[in-house]
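Reading through the structure tokens given below for one structure.
Computed from a predicted structure; not experimentally measured. So you know, we letter chains A, B, ... as the sequences are listed, proteins then strands, and number each from 1. Heavy-atom basis, side chains included; hydrogens, waters and symmetry copies ignored.
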Amino acid sequence: MNTYLLYSQIYVSLTSWRGKNLDKQDVQPLETIDIEQFQTDLISWFQKEQRELPWRKDKDPYKVWVSEIMLQQTRVDTVIPYFHRFLELFPEVKDLAQAEEDQVLKAWEGLGYYSRARNLQSAVKEVYEKYGGIVPNTPKEISSLKGVGPYTAGAILSIAYGIPEPAVDGNVMRVFSRILSIWDDIAKPSTRKVFETAVRELISHDNPSDFNQALMELGALICTPTSPSCLLCPVRDHCAAFHEGTQHELPIKTKNKKQKHVKMAAAILVNDKGEILIQKRPSKGLLANLWEFPNIESTISYVDEKALLEDRFASHYSGNVHLNRSIGQLEHVFSHLIWNINIYAGTIDDVSASELQNVKFVSIEELDQYAFPVPYQKMFRMYQLEKE
DNA sequence: AAGTCGGGGGT
DNA sequence: ACCCCAGACTT
């Protein structure tokens, strides 16, 4: 019963399995999937071909946790340097639990999706206080932690604790959509459950860690989105899509919508001591709790904009504001919107502005102690280039 | 279920 | 341009 899982049995347990073929008049003989052989082929390949990654050096649940949060929607090569720096700053649960949020955000600067960092620290605090610093090892407890969703819960449980839970990410859905010929739209939230059910049937109970990691490694190295290297695939004998030649049609994924365009204006304002005005963003929403330069959303025409900005800034910061010059403009693309920013430089009195909450005057040397979103980093670089 | 939330790299 | 990436949370 454990050794072979008849294809028809899978079909019974998953109504959407091979749903496309239900309508085909010419149904081919049902294949069987040799589960043990599949596990062996997959895991041996992984043990031989896996990349050396910093979070694979040991299975410390805290390190696995940090890596999994960083890897959400983020490529391995991007994460590696962040992972090293983060663990140097916060080697253990206690260190992250007791850190200043500003320092955590600074360590996350440039990585994006900053709520990951704030949720991670919040959850680590809970682990430190409620679980004595030990990352919990039950699905219920770990899933209740802030920022730990179905994927991350399964990843930590399987990789750090060897518990056979599915960890279904984009890789796993792509890989199994091909192996099992699943034609559900993987862009729909409900589809993830189809793949979780599949993984529960197929996962190795001897080595859930390598099984789950192998699926993701396979998706990253072999079973890639546009041009899968099927001839190098260790499980192509088990793959329905390879058998049918449909690997380029799978997975099914509906397109995402276009970004909205937002016009902005922002300024580098300097006081008479040569210090620059910065402010902390609100604690909710886009780029929450990061720092920025004074800015407004603006749909005003370019000629009127400068006067409007001087007015708005002067009244908001209660000081005399002078915009000397326009430095240029820059575009920054987010996943759901596009900022087009007109950039100015000028001066401001620091009498009242420094009394405002979340507003500071800092020297150029102090600037890099604060976490800035990339668009404002770009903006400051333009300012420095223009000044020379 | 749809929208929000970053940034970079590949094609 | 458009796609994708070791997704989660809010509405």
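Ionic pairing of A:E165 and A:R200 is present here: one or more N-O contacts between side-chain nitrogen and carboxylate oxygen are shorter than 4.0 angstrom. A salt bridge between A:E366 and A:K360 is absent, with no side-chain N of the basic residue lying under 4.0 Å from a carboxylate O of the acidic one. Contact check on A:K263 versus A:E305 returns no salt bridge, with no Lys/Arg side-chain nitrogen under 4.0 Å from an Asp/Glu carboxylate oxygen. Comment: A:R192 engages A:E196 in a salt bridge, judged by a side-chain N to carboxylate O separation of less than 4.0 angstrom.
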Could you go through nucleotides 9-11 of chain C and list every protein N or O atom that sits under 3.5 Å from one of its N or O atoms, giving the distance for each pair?
from	atom 1	to	atom 2	distance (Å)
C:dC9	OP1	A:G147	N	2.5

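Nucleic acid contact class of A:R174 (heavy atoms, under 4.0 Å, all strands): sugar-phosphate only. A:S67 comes within 4.0 angstrom of no nucleic acid atom, judged by non-hydrogen atoms across all strands. Across all strands shown, A:K188 has no heavy atoms under 4.0 Å from either base or sugar-phosphate atoms.
Here salt bridge (charged side-chain N to carboxylate O under 4.0 Å, His left out) pairs that include residues 219-230 of chain A, with residues two or more places apart or in two chains, number zero.
When the C1' atom is compared between C:dC4 and B:dG6, the two are found 14 Å apart, to the nearest whole Å. Nucleotides B:dG8 and C:dC9 have their C1' atoms positioned 23 Å apart, rounded to a whole Å. As rounded to the nearest Å, C:dA8 and B:dG9 have C1' atoms that lie 23 Å from one another. Rounded to whole Å, the separation between the P atoms of C:dA6 and B:dT4 comes to 24 Å. With both ends at atom P, the span from B:dG3 to C:dC3 equals 16 Å, rounded to whole Å.
A:Y82 carries A:R85 over the face of its six-membered ring, with the cationic atom under 6.0 Å from the centre and within 45° of the normal.
Taking every heavy atom of residues 165-172 of chain A and every atom of DNA chain C, pairs under 4.0 Å involve A:D169, A:G170, A:N171, by number. Contacts between residues 52-64 of chain A and DNA chain C, counted as heavy-atom distances below 4.0 Å, involve A:L53, A:W55, A:R56.
Taking CD1 of A:I69 as the reference point, atom CG of A:L111 lies at 11.5 Å (rounded to 0.5 Å). Rounding to the nearest 0.5 Å places CG of A:L309 at 4.5 Å from CD1 of A:I296. From A:I222, atom CD1 reaches atom CZ of A:R236 across 11.0 Å, with rounding to the nearest 0.5 Å. Here A:L250 contributes atom CG and A:R178 contributes atom CZ; the two are 7.0 Å apart, rounded to the nearest 0.5 Å.
Rounded to whole Å, the distance from CG on A:L157 to C1' on C:dA6 is 15 Å. Protein atom CD of A:E217 is 10 Å distant from nucleotide atom P of C:dA6, rounded to whole Å. Note: NZ (A:K193) to P (C:dG7) measures 17 Å, nearest angstrom.
Between the side chain of A:S158 and the main chain of A:A155, a donor-acceptor pair closer than 3.5 Å is present. Side chain of A:E331 to backbone of A:N340: no donor-acceptor contact under 3.5 angstrom is found. The backbone N or O of A:A214 lies less than 3.5 Å from no partner atom in the side chain of A:Q50, so there is not a single donor-acceptor pair. Judged purely by atom type and a 3.5 angstrom limit, A:T74 uses its side chain to pair as donor or acceptor with the backbone of A:Q72.
For an aromatic pair to be called close, the ring centres must be under 6.0 Å apart, and A:F211 with A:F46 fails this. The aromatic ring centroids of A:F86 and A:W108 lie less than 6.0 Å from each other.
With a 3.5 Å limit on both pairing distances and Watson-Crick or G-U wobble geometry required, the stems of 3 or more pairs in DNA chain B span B:1-5 with C:7-11, B:7-11 with C:1-5.
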Scan nucleotides 4-11 of chain B nucleotide by nucleotide, 5' to 3', and note B when protein non-hydrogen atoms come under 4.0 Å of the base, S if they reach only the sugar-phosphate, - if neither. SBBBBB--
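When each of A:K258 and A:G219 is assigned the nucleotide of DNA chain C with its nearest heavy atom, A:K258 is the one assigned upstream, toward the 5' end.
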